[in-house]
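No experiment lies behind these values; they were computed from the predicted model shown. Position 1 is the first residue of the sequence, and the numbers go up from there.
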Amino acid sequence: MGHCTAVIMQEFSHYYEILGLEVGASLEEINEAYRDLAFVWHPDRLPRDNPRLLAKAAGKLKEINQARDRLKEMLELELSAKASPAPEKDQPSKAPKAKPKSKPRAKAPPPPGDRQPRPHHQQPTSHNHSSNSHHHQENHNRPYYRDLTGADLRWANLKEKDLSGRKMVSANLSNADLSDSFLHQVNLENANLFRANLFRANLLEANLRGANLQEANLVGADLSGADLSGANLQGAKIGAGNRIMVKLTATKLTGAILPDGSKHS
């Protein structure tokens with residue numbers, strides 16, 4: 001029995017890990033992590049000329065769907081168990097109090113008095129539900145991932161890594177390989193990305209304020225909705241000839257130094 005429980009717990013720990021969550025995360029956190037990852041790995045966001053990456057995305061979507069469904073099922077069962085009435089075996093200890101002393105034993109159902117304690121008995125369940133709600137609210141503020149603020153990742157091989165939503169403020173990623181990586185909503189404020197390879201990287205809605213992107217390879221990168229205010233992109237590779245090969249839909253470039261050395265107003 002103990003071995004079975006350990007195997008089940010290990011299975012669910014794996015599902016939490018797939019979603020980038022800590023064990024014990026709330027249903028709200030699970031759904032939020034699922035939505036983020038489903039967005040990141042959606043095939044419509046990936047280049048059609050890369051069948052290997054498309055196949056990988058399909059596998060990832062299947063994996064995160066299974067993880068979300070299994071964890072959701074487990075948490076709903078737990079909530080259902082907590083909300084169910086107390087077992088009848090707790091009742092006999094209270095039954096003698098309601099027995100009339102003047103009447104002989106009878107097989108008739110207990111008088112209404114025996115049923116009175118029941119609503120009272122369920123009070124703790126209501127209290128526990130309130131406590132759990134408060135606990136889940138606290139869990140919602142818990143970060144999904146390890147804080148990588150100031151991390152030294154020079155020359156790191158992060159190709160195709162999923163770093164979505166990570167906090168990497170002031171991290172040193174100079175010369176790092178981030179090609180085909182997923183950096184959706186990553187916080188890279190004031191980070192050093194000098195000569196980093198960001199080829200086809202997904203930087204949707206990323207925070208790159210004040211980041212050093214000098215001589216970085218940005219060809220094929222998606223910077224839609226990203227904030228590059230005050231960033232330095234001097235010498236960055238953004239295309240071939242006069243053709244810009246970086247997606248810049250709704251990108252914020254206020255005060256940024258552009259690849260040609262000019263400053264964006």
Side-chain angles (χ1 to χ4, degrees), residues 20 32 35-37 39-42 44-50 53 143-265:
E32 187 174 351
R35 285 192 296 270
D36 288 347
L37 290 172
F39 178 82
V40 168
W41 287 103
H42 199 283
D44 290 348
R45 296 189 43 74
L46 303 175
R48 293 291 174 184
D49 59 350
N50 193 333
L53 194 56
Y144 295 160
Y145 308 109
R146 183 165 64 92
D147 190 342
L148 292 171
T149 297
D152 187 354
L153 295 165
R154 289 172 292 178
W155 298 96
N157 182 6
L158 301 169
K159 185 176 181 178
E160 297 184 3
K161 294 292 184 184
D162 184 2
L163 297 167
S164 305
R166 292 286 186 102
K167 187 177 181 183
M168 303 176 78
V169 176
S170 301
N172 189 350
L173 289 149
S174 60
N175 296 287
D177 184 1
L178 290 153
S179 57
D180 288 315
S181 59
F182 294 89
L183 298 158
H184 170 230
Q185 291 186 339
V186 69
N187 188 349
L188 283 162
E189 187 168 357
N190 296 319
N192 182 11
L193 290 150
F194 176 70
R195 289 186 178 174
N197 183 10
L198 289 156
F199 177 67
R200 289 194 308 208
N202 177 356
L203 287 150
L204 185 78
E205 298 178 351
N207 177 6
L208 287 155
R209 290 193 296 267
N212 178 12
L213 288 154
Q214 291 182 79
E215 300 182 33
N217 180 10
L218 294 169
V219 174
D222 186 353
L223 287 158
S224 300
D227 188 352
L228 285 104
S229 302
N232 188 348
L233 291 90
Q234 189 166 7
K237 188 176 180 182
I238 59 171
N242 294 324
R243 185 184 175 194
I244 295 177
M245 301 171 69
V246 180
K247 196 170 182 181
L248 296 165
T249 307
T251 303
K252 190 175 181 180
L253 292 160
T254 308
I257 299 174
L258 303 179
D260 61 2
S262 62
K263 191 171 183 178
H264 193 278
S265 56

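Note: Gln234 CD to Glu215 CD = 8.5 Å, rounded to the nearest 0.5 Å. Residue Leu233 holds its CG atom at 10.0 Å from CG of Leu193, rounded to the nearest 0.5 Å. Atom CG of Leu188 is separated from atom CZ of Arg166 by 11.5 Å, given to the nearest 0.5 angstrom. Distance NZ/Lys161 to OG/Ser179: 12.0 Å, rounded to 0.5 Å. Distance check, rounded to the nearest 0.5 Å: OG of Ser164 to CG of Asn202 gives 6.5 Å. Here the CZ-CG distance, from Phe194 to Leu213, works out to 11.5 Å after rounding to the nearest 0.5 Å.
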Derivation of the side-chain contact (heavy atoms from CB on, under 4.5 Å) call for Leu37 and Phe182 = CA-CA 10 Å; Leu37 290 172; Phe182 294 89; over 6 Å; no
Take Leu208 and Leu223, measure what side-chain contact (heavy atoms from CB on, under 4.5 Å) needs, and give me the verdict at the end.
-> CA-CA 10 Å; Leu208 287 155; Leu223 287 158; 3.7 Å; yes
Using the side-chain contact (heavy atoms from CB on, under 4.5 Å) rule, take Met168 and Leu173 through it: C-alpha gap first, then chi angles, then the decisive distance, then the call.
-> CA-CA 10 Å; Met168 303 176 78; Leu173 289 149; 4.0 Å; yes
Verdict with reasoning, Val246 to Thr251, per side-chain contact (heavy atoms from CB on, under 4.5 Å) | CA-CA 11 Å; Val246 180; Thr251 303; over 6 Å; no
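Here the shortest heavy-atom pairing between Pro259 and Ala236 reads CB-O, 3.7 Å. Of all the heavy atoms in Gly239 and Val219, the pair that sits closest is N-CG2, 3.8 Å.
When the options Asp227, Asn190, Asn187 are evaluated for a side-chain hydrogen bond (donor to acceptor under 3.5 Å, both in side chains) with Asn207, the one that passes is Asn187. Considering Asn157, Leu198, Asn197 as possible partners of Leu178, the one that fulfils the side-chain contact (heavy atoms from CB on, under 4.5 Å) test is Leu198.
The residues Asp180 and Arg200 are annotated as salt-bridged, a charged nitrogen and a carboxylate oxygen being separated by less than 4.0 angstrom.
Without hydrogens or angle criteria, Ser181 side chain to Leu158 main chain gives no donor-acceptor distance under 3.5 Å.
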